[in-house]
J.: 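For reference, the structure I am asking about is given below.
Read the numbers this way: they start at 1 and go in the same order the structure lists the ligands and their atoms. Every heavy atom of this structure was used, including side-chain atoms; hydrogens, water molecules and symmetry mates were not.
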Amino acid sequence: MEKDRITTAPSRLRAGFVGAGFMAEVHSRAARAAGAEIAGIASSSPASARRAKDRLGVQQAYASVQDLIEDGTIDVIHICTPNATHHALAEAALKAGKHVVCEKPLATNVQDASRLVELAAAAGTVATVPFVYRFHPMIREARERIASGQTGRISTVQGSYLQDWLLSRDDDNWRVDAGLGGPSRAFADIGSHLCDLLEFVSGDRITRVGALSRTFFSGRANHKDIQTEDLVAAVFATESGTVGNLLVSQVAPGRKNRLMIEISGAESTLQFDQEAPETLWLGKRTGSQLLVRDPDALSPEAARLSVLPAGHSQGYQDAFNAFVADTYAAINGDFRDGLPTFRDGLRSAILTESIIKSSKGGEWVDVPEVKELEGVQ
Ligand SMILES: NC(=O)c1ccc[n+]([C@@H]2O[C@H](COP(=O)([O-])OP(=O)(O)OC[C@H]3O[C@@H](n4cnc5c(N)ncnc54)[C@H](O)[C@@H]3O)[C@@H](O)[C@H]2O)c1
């Protein structure tokens, strides 16, 4: 007689973290919430890793990043370090056969990002980039309304991401240094999130950009002759023939993480503001409404991401938790809709390079599609 098949739950993933700053905290909380073992951490020095081990409740501090990556018991590596280090760290982790979550920007140029897409394909592991605003339920609701045609034929797409944490000349950070942050700062840092969201929600692609950028302060507390931009304004055309604009600034007083997108169609306008993520504004010629998150009234994907009942607010960390949970589900073979992968990181690098080219050259730039790049499958 055939024995009953005994099924066991997949063993808990063991997660390792590289970097011990703001994002390592956010990632470790999300990994813990998704049921992983918070197994190891390595940072810029053994002392920094040891301090983070206690602060974040990680099982083991590693003396070097290489030691962490070479540990055969670690399944997934989260890269939470300055931008210019992402490429080499992700490459090493993929070559060691790890699943990788690599912070944005995936790389500081298109060539390195393309190579990482190829390496991830060769490794056959899951490789994702935290474009986490995709995981707000009301973003999924907006996306579903556009995809199902309820919004009508799209006429305009616009958005902005405004911050003020670099408002004063005394404000400084590794991000202003092109050697650590990459040749683009404001756009690569937050414009990347904005464009990912505009394309994700609209289902459309930016095909042509005309951009202007400015560096408000050429010197800051610890940096002279700063080459990276404080703000970018751009006009763009899309694949479907609509037009749009965007504004990105890290010197906008009073704005903290004011990521706003607004998409207008023949029937309605949808507006989402990341600082009020429980609502979606539904503009109509008559009878505009503010939709409030309520899983019973939302589309299936928005309801899936509603981990709390209506009236108990969800926010940034919940979106991050959902991103990591979906990454881990993919590692266990369950690929869910909307998971941002290294290809999305490459798409972002292409847009960033196009924006820089346009603003430096004072010209319109055609944005290549990922598939048009040589060597990317
Ligand atoms: N997805 C998001 O929503 C989001 C939000 C903020 C930041 N980020 C990204 O996360 C990354 C990290 O940002 P952060 O705010 O945590 O920075 P941070 O300065 O707070 O932390 C960076 C950490 O990396 C460590 N580090 C530096 N160089 C290293 C190296 N070569 N090897 C190992 N460790 C090294 C530092 O010691 C520090 O602990 C950036 O790329 C940023 O763009 C993403």
J.: Which of the numbered atoms in ligand 1 are under 4.0 angstrom from any heavy atom belonging to C80?
T.: 12 (C), 22 (C), 23 (C), 24 (O)
J.: Within a distance under 4.0 Å of any heavy atom of D189, pick out the atoms of ligand 1 and give their elements.
T.: 43 (O)
J.: Considering heavy atoms of the protein only, find what lies nearest to atom 3 (O) of ligand 1 and give residue, atom and distance to 0.1 Å.
T.: Y316 OH, 2.7 Å
J.: Give a yes or no on whether the ring-centroid distance for H136 and Y316 is below 6.0 angstrom.
T.: no
J.: Counting only heavy atoms, tell me which of R51, R175, E25, E103 gets closest to atom 13 (O) of ligand 1.
T.: R175
J.: Which one holds for T85 and ligand 1: side chain close, backbone close, both close, or neither close, with close meaning a heavy atom under 4.0 Å?
T.: side chain
J.: Give a yes or no on whether a salt bridge exists between K256 and D164, defined as a side-chain N under 4.0 angstrom from a carboxylate O.
T.: yes
J.: Is any NZ, NE, NH1 or NH2 atom of the basic residue among D273 and R258 found under 4.0 Å from an Asp or Glu carboxylate oxygen of the other?
T.: yes
J.: Would you mind listing which atoms of ligand 1 come within a distance below 4.0 Å of any non-hydrogen atom of H193?
T.: 1 (N), 2 (C), 3 (O)
J.: So is R143 actually on top of F200's ring, under 6.0 Å and inside 45° of the axis?
T.: yes
J.: Could you pull out, from S43, G181, A49, S64, the option with a heavy atom nearest to atom 25 (C) of ligand 1?
T.: S43
J.: Show the atoms of ligand 1 that are less than 4.0 angstrom away from any heavy atom in T81.
T.: 11 (C), 12 (C), 24 (O), 33 (C), 34 (N), 35 (C), 40 (C), 41 (O)
J.: Going by distance only, is there an N or O of G21 that falls short of 3.5 Å from an N or O of ligand 1?
T.: yes
J.: So, D344 and R134, do they make that salt bridge, N to O below 4.0 Å?
T.: yes
J.: Salt bridge or not for R304 and D337, using N-O below 4.0 Å?
T.: no
J.: Any idea which atoms of ligand 1 are less than 4.0 Å away from a heavy-atom of A20?
T.: 23 (C), 38 (C), 39 (O)
J.: With heavy atoms of P130 as the reference, note each atom of ligand 1 found under 4.0 Å away.
T.: 1 (N)
J.: Under 4.0 Å from a heavy atom of N83: give me the atoms of ligand 1 that qualify, with their elements.
T.: 40 (C), 41 (O), 42 (C), 43 (O)
J.: I'd like to know if E199 pairs up with R205 as an ion pair, taking the criterion as any Lys NZ or Arg NE/NH1/NH2 lying under 4.0 Å from an Asp or Glu carboxylate oxygen.
T.: yes
J.: Whether R336 and E301 form a salt bridge (side-chain N of Lys/Arg under 4.0 Å from carboxylate O of Asp/Glu) is what I want to check.
T.: no
J.: Starting from atom 4 (C) of ligand 1, find the nearest protein heavy-atom neighbour and note its residue, name and distance.
T.: M23 CE, 3.3 Å
J.: Can you list the ligand 1 atoms lying under 4.0 Å from a non-hydrogen atom of H86?
T.: 41 (O)
J.: Quick check: does F320 get an N/O under 3.5 Å from an N/O on ligand 1?
T.: no
J.: What do you reckon, does F131 put a non-hydrogen atom under 4.0 Å from ligand 1?
T.: no
J.: Is any NZ, NE, NH1 or NH2 atom of the basic residue among E141 and R145 found under 4.0 Å from an Asp or Glu carboxylate oxygen of the other?
T.: yes
J.: Select one of side chain, backbone, both or neither to describe which atoms of F323 lie under 4.0 Å from any atom of ligand 1, heavy atoms only.
T.: neither
J.: Pick whichever of S44, A319, A24 has a heavy atom sitting closest to atom 29 (C) of ligand 1.
T.: S44
J.: Just by distance, do the side chain of H86 and the backbone of E103 share a donor-acceptor pair under 3.5 Å?
T.: yes
